[in-house]
Structures are given as C-alpha cells and as structure tokens.
Amino acid sequence: MKSLLGKYDVGGRYTHIPLPKASILLPLVMRRGTPHLLLTVRSMHLHTMPGDVCFPGGRRDPADEDDIQTALRETQEEIGLRPEQVQILGKLIPYISKSPTYLVTPIVGIVEDTFQPTPNPSEVADVFLVPLEFFISSEHYTPLQVHSQSRGSLTLHQFLYMDPDTKKNFNIWGLTAHCAVMLSAMLLEKGPSFLPGFDVDDIIRQQEMFLEASYNRSKL
C-alpha cells in the first residue's frame with residue numbers, strides 16, 4: 001500500500017495556502033486479509049454535525065509541528081490510538097471545508113492489527129470498519145443532490161453501510177465519502193462502478209482542479 005500511495009503523496013506542496021489548517025487521519029486496518037477504513041460517528045453533544053460519520057481529526061493547535069502531528073493528536077484524543085500504533089503512508093491533496101473555512105489535509109496511515117478503540121464519549125459516539133471495496137461498488141451507493149449558494153446544484157457521494165457484526169446502519173456521505181472513494185480507488189487501482197469513465201491515473205489533476213476552484217470561492 002505504501003508503494004501504491006507514493007505517487008499520490010503531496011508532501012508539503014500545499015502548506016503555503018493562506019487558510020487555517022486542519023487535518024484528518026484516514027486509518028487503514030487489515031481484517032481477514034482485507035484492507036478496511038476506520039470511521040467514527042460524531043457525538044450528539046457536539047455543536048457541529050452531531051451524529052455524522054467522519055474520520056478522526058481536527059484543527060491544528062499552535063504546538064503542532066505539522067499536519068501529521070495534528071491528525072495523530074486528534075485521533076488519540078478521540079479514539080485512543082497512540083501515534084506509535086500508526087505507520088504514516090503519506091498526505092493526500094487537501095480540501096477546503098466551509099463554516100468554518102479550513103484547509104483540511106487527509107493523512108493516510110496503517111493501524112496496528114491489535115488496536116482496540118476507546119472512544120472519548122464527549123467527541124465520538126461510535127467506531128466502525130468498512131472494507132475499501134465497499135466504496136467503489138454501486139450496490140449501496142446513492143447520489144445525493146444538494147444546493148449551494150456559491151456552487152448551485154451539486155451531486156455528493158452517499159453510502160448506506162450495515163456493520164455485519166453489530167447490524168448497525170451508518171450513513172456515509174459528503175467529504176467523508178469523497179475521501180473514502182478517492183483512497184479506495186488509489187489503493188485498489190480501479191475506479192468506482194458508479195462513476196463511468198473515472199480515470200485512476202487522473203486523480204491528482206481532478207483533485208487539484210477541485211482544490212483550486214474551492215480556494216477561489218473561499219476568497220469571494
């Protein structure tokens with residue numbers, strides 16, 4: 001996986017963008033020989049997006065050295081994953097969040113098989129795993145139509161996942177689903193079945209165009 005992700009690792013290429021910084025960890029966990037992504041459910045006590053599915057992470061603290069340290073610190077606070085339990089594979093092209101505006105950098109890492117989450121109840125209501133193959137299949141995929149004042153009508157990714165162990169249902173959508181789809185396509189080396197014509201070799205250019213457009217809109 002490290003070699004596959006190498007061509008998508010952007011390093012510090014976008015750190016110059018003058019926006020407040022945040023980062024998320026995209027934690028890869030092997031289960032039964034199959035790569036999975038670890039996701040969390042935001043606590044209902046939180047003011048922003050309570051109950052939403054997301055990746056662990058948050059905004060940069062002044063004491064953080066870089067995006068990686070931010071993602072690891074936040075993940076430890078949220079689910080008890082210690083930095084030494086993660087092997088960092090690289091950084092993906094960031095995206096720009098809204099309300100508030102942050103430059104959010106996805107950090108990809110492999111988590112030790114023995115890790116057992118200990119969710120912080122003030123931040124995390126649940127933790128679950130999803131196989132990468134799920135995010136390139138159309139079986140549980142539904143496009144979500146939304147309207148934005150700045151961008152007009154948009155189509156977002158949306159998945160309904162049922163955990164086979166707990167039988168709980170999770171709605172994975174928006175930028176969380178987008179990051180999961182992109183990482184799955186990179187590591188599995190094939191495009192999602194619900195996106196005809198998707199070119200895995202063109203992911204970087206597509207993401208750069210998305211980032212540029214988002215940054216231009218953030219300055220309006």
Side-chain angles (χ1 to χ4, degrees), residues 1-10 23-42 49 51-57 71 75 79 86 88-95 97 104-111 113 115 117 124 126-146 154-207 210-211:
M1 285 192 286
K2 189 174 181 62
S3 61
L4 283 173
L5 205 64
K7 62 182 178 180
Y8 302 106
D9 184 2
V10 301
S23 59
I24 56 174
L25 183 68
L26 276 55
L28 291 163
V29 182
M30 296 299 294
R31 288 290 183 269
R32 297 176 290 276
T34 302
H36 289 60
L37 273 170
L38 181 150
L39 294 114
T40 68
V41 179
R42 291 173 61 82
M49 299 181 293
D52 273 14
V53 171
C54 64
F55 290 106
T75 301
I79 60 171
V86 187
I88 299 299
L89 300 183
K91 300 180 183 180
L92 303 184
I93 291 177
Y95 62 87
S97 68
V104 184
T105 300
I107 310 295
V108 184
I110 299 178
V111 177
D113 292 348
F115 169 66
V124 176
D126 211 342
V127 180
F128 62 103
L129 299 176
V130 183
L132 293 189
E133 285 280 355
F134 179 85
F135 292 110
I136 60 170
S137 169
S138 60
E139 186 174 355
H140 300 283
Y141 174 81
T142 304
L144 178 65
Q145 301 294 329
V146 298
L154 298 173
T155 302
L156 304 180
H157 298 316
Q158 179 177 239
F159 300 89
L160 183 63
Y161 179 71
M162 186 182 77
D163 189 310
D165 297 323
T166 65
K167 307 305 179 185
K168 293 179 181 178
N169 289 312
F170 300 97
N171 186 32
I172 308 167
W173 70 285
L175 285 169
T176 298
H178 174 79
C179 289
V181 169
M182 291 300 107
L183 181 61
S184 299
M186 292 172 188
L187 294 179
L188 299 175
E189 299 183 279
K190 53 184 176 181
S193 60
F194 48 84
L195 293 178
F198 184 95
D199 186 356
V200 176
D201 295 325
D202 199 36
I203 288 178
I204 290 182
R205 187 186 67 84
Q206 295 172 23
Q207 296 295 92
F210 181 73
L211 175 61

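Positions are given from 1 along the sequence. Predicted, not measured: the structure shown is a model, and the values here were computed from it.
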Approximate separation, where rounding is to 0.5 Å, of Leu188 CG and Glu133 CD: 5.0 Å
Closest approach of Gln206 to Phe198 (non-hydrogen atoms, all atoms of both residues): OE1-CE1, 3.9 Å
Distance-only side-chain donor-acceptor flag, Tyr161 / His140, under 3.5 Å: no
Main-chain N/O of Leu160 paired to Asn171 side chain as donor or acceptor, under 3.5 Å: no
Pro143 backbone acceptor or donor facing Thr155 side chain under 3.5 Å: no
Nearest-0.5 Å distance that lies between atom NE2 in His36 and atom CZ in Arg31: 8.0 Å
Close side-chain approach of Phe115 to Ile79, heavy-atom, < 4.5 Å: yes
Side-chain heavy atoms of Leu28 within contact of Leu132, under 4.5 Å: yes
Distance-minimising heavy-atom pair for Ile136 and Ala185: CG2-N, 4.2 Å
Thr40 side-chain N/O to Cys54 backbone N/O, donor-acceptor pair under 3.5 Å: yes
Side chain to side chain, Leu187 and Pro35, heavy atoms closer than 4.5 Å: no
Minimum heavy-atom distance Val127-Pro117, with the two atoms named: CG1-CG, 3.8 Å
Spacing of CG belonging to Asp126 relative to CG belonging to Leu39, to within rounding of 0.5 Å: 11.0 Å
Nearest-0.5 Å distance, SG of residue Cys179 to CG of residue Leu26: 5.5 Å
Heavy atoms from other residues, nucleotides or ligands near CD of Gln145 exceed 12 (cutoff 6.0 Å): yes
CG on Leu211 to CD1 on Ile204, rounded to 0.5 Å: 12.5 Å
4.5 Å side-chain heavy-atom contact, Thr142 and Trp173: no
Closest heavy-atom pair and its distance - Glu189, Val200: C-CG2, 4.1 Å
pair Val111-Leu38: side-chain heavy atoms closer than 4.5 Å: no
Any donor-acceptor N/O pair, Ser137 side chain to Ser193 backbone, under 3.5 Å: no
Exam field: side chain Lys167 to backbone Pro164, donor-acceptor pair closer than 3.5 Å: yes
Short side-chain to backbone donor-acceptor contact, Thr176 and Val53, under 3.5 Å: yes
Centroid separation Tyr95 to Phe210 less than 6.0 Å: no
Residue pair Val181 / Pro192: nearest heavy atoms and the distance that separates them: CG1-CG, 3.6 Å
Centroid-centroid distance, Phe194 to His157, less than 6.0 Å: yes
Leu92 and Met186, any side-chain heavy atoms less than 4.5 Å apart: yes
Passing option when Phe170 is tested against Phe128, Phe134, Phe159 for ring pair (Phe, Tyr, Trp, His ring centres under 6.0 Å): Phe128
Test item: Ile88 and Val86 side chains (from C-beta on) under 4.5 Å apart, heavy atoms: yes
Distance in Å, Ile172 CD1 paired with His178 NE2, rounded so as to fall on 0.5 Å steps: 15.0 Å
Non-hydrogen side-chain atoms of Phe55 and Thr75 separated by less than 4.5 Å: no
Non-hydrogen atoms of Leu89 and Lys2 that approach each other most closely: CD2-CB, 3.9 Å
